[in-house]
Amino acid sequence: MPNVECYASQLNQVFMNIIANAIDVLEEQEIPGIITIKTEIHHYSEKGVDRDCVKISIYDNGRGIPDSVQKRIFDPFFTTKPVGKGTGLGLSISHQIIVEKHQGELKCKSNPNGGTLFEILIPVKANSR
């Protein structure tokens, strides 16, 4: 993997938020929980600009996220956790860090019958958009 111009501590916060949410979900299920993290180089052209990015995929085999919740997971203070467990800010802040600070993308793909994938796309060079 190439070196990436980034705010390392903020990216660490993004990874920890996503992984902590996956762990919370996996602890509630009866089958063994699995979290898979994959990295790859992603090259594409967008509006005439070539871009090299790093793509980080974080997948869990949890129960999945219903469509109605998927639409709101990046909203500030939105949470599905009980009162006293979490603030509902983790994924909102993560989205802000990736999109605003790094000019990248954060997507969630989930099957409501099981499994959730978060895809993070970060430009290798800052301000390359």
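Quantities reported herein were computed from a predicted structural model and do not represent experimental measurements.
- Distance CG/Leu91 to CG/Asn17: 6.5 Å, rounded to 0.5 Å.
- Checking side-chain atoms of Gln70 against main-chain N and O of Ser110 turns up a donor-acceptor pair under 3.5 Å.
- The hydrophobic cluster containing Ile37 also contains Ile41, counting ILVMFWY residues as joined when their side-chain heavy atoms lie under 4.5 angstrom apart, directly or transitively.
- By the side-chain hydrogen bond (donor to acceptor under 3.5 Å, both in side chains) test, Lys38 pairs with no residue at all, sequence neighbours left out.
- The minimum heavy-atom distance linking Gly64 with Thr116 is given by the pair CA-OG1, 3.6 Å.
- With contacts defined as side-chain heavy-atom distances shorter than 4.5 Å, the pair Asp75/Ser92 does not qualify.
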Go through Phe15 and Ile56 one step at a time and tell me if the side chain to side chain contact (heavy atoms under 4.5 Å, CB included) criterion holds.
CA-CA 10 Å; Phe15 301 141; Ile56 302 109; 4.2 Å; yes

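- Side-chain contact between Asn21 and Val25: absent, with no pair of heavy atoms (C-beta onward) separated by less than 4.5 Å.
- Side-chain contact between Glu119 and Leu106 is absent, with no heavy atoms from C-beta onward closer than 4.5 Å.
- No continuous path of ILVMFWY side-chain contacts below 4.5 Å connects Ile23 to Met16, so the two sit in separate hydrophobic clusters.
- Counting all heavy atoms, side chain and backbone alike, Ile73 lies closest to Phe78 at CA-CD2, 4.0 Å.
- Going from atom CZ of Phe118 over to atom CD1 of Ile65 covers 5.0 Å, rounded to the nearest 0.5 Å.
- Formation of a donor-acceptor pair under 3.5 Å by the Asn61 side chain with backbone atoms of Pro32 is found in this model.
- In this structure, Ile120 CD1 and Ser57 OG are separated by 8.5 Å, a value rounded to the nearest 0.5 Å.
- Side chain of His42 to backbone of Leu121: no donor-acceptor contact under 3.5 angstrom is found.
- Closest heavy-atom contact between Val124 and Asn3: CG1-O, 3.3 Å.
- For the residue pair Ala22 and Ile35, the shortest heavy atom distance occurs at CB-CD1, 3.8 Å.
- Here the shortest heavy-atom pairing between Lys107 and Glu105 reads CE-OE1, 3.1 Å.
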Kindly determine whether Glu28 and Arg63 satisfy side chain to side chain contact (heavy atoms under 4.5 Å, CB included), including the steps that lead there.
CA-CA 9 Å; Glu28 298 171 2; Arg63 65 180 181 262; 2.7 Å; yes

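- Using a 4.5 Å heavy-atom threshold, the side chains of Val54 and Met1 count as touching.
- With His102 contributing its side chain and Tyr7 its backbone, the two residues share a donor-acceptor pair below 3.5 Å.
- Checked against Asp60 for a side chain to side chain contact (heavy atoms under 4.5 Å, CB included), the options Ile34, Leu26, Leu117, Thr36 give a single hit: Leu26.
- Heavy atoms only, all atoms of each residue included: Ile93 and Gln13 are closest at CG2-NE2, 3.6 Å.
- Between the SG atom of Cys6 and the NZ atom of Lys125 there is a distance of 12.5 Å, given to the nearest 0.5 Å.
- Between Arg51 and His43 the shortest side-chain heavy-atom distance does not fall below 4.5 Å.
- For the pairing with Ile97, the side chain to side chain contact (heavy atoms under 4.5 Å, CB included) check across Asn12, Ile122, Val14 returns one residue only, Val14.
- Taking the six-membered ring where tryptophan is involved, the planes of His95 and Phe74 are tilted, since the angle between them lies from 30° to 60°.
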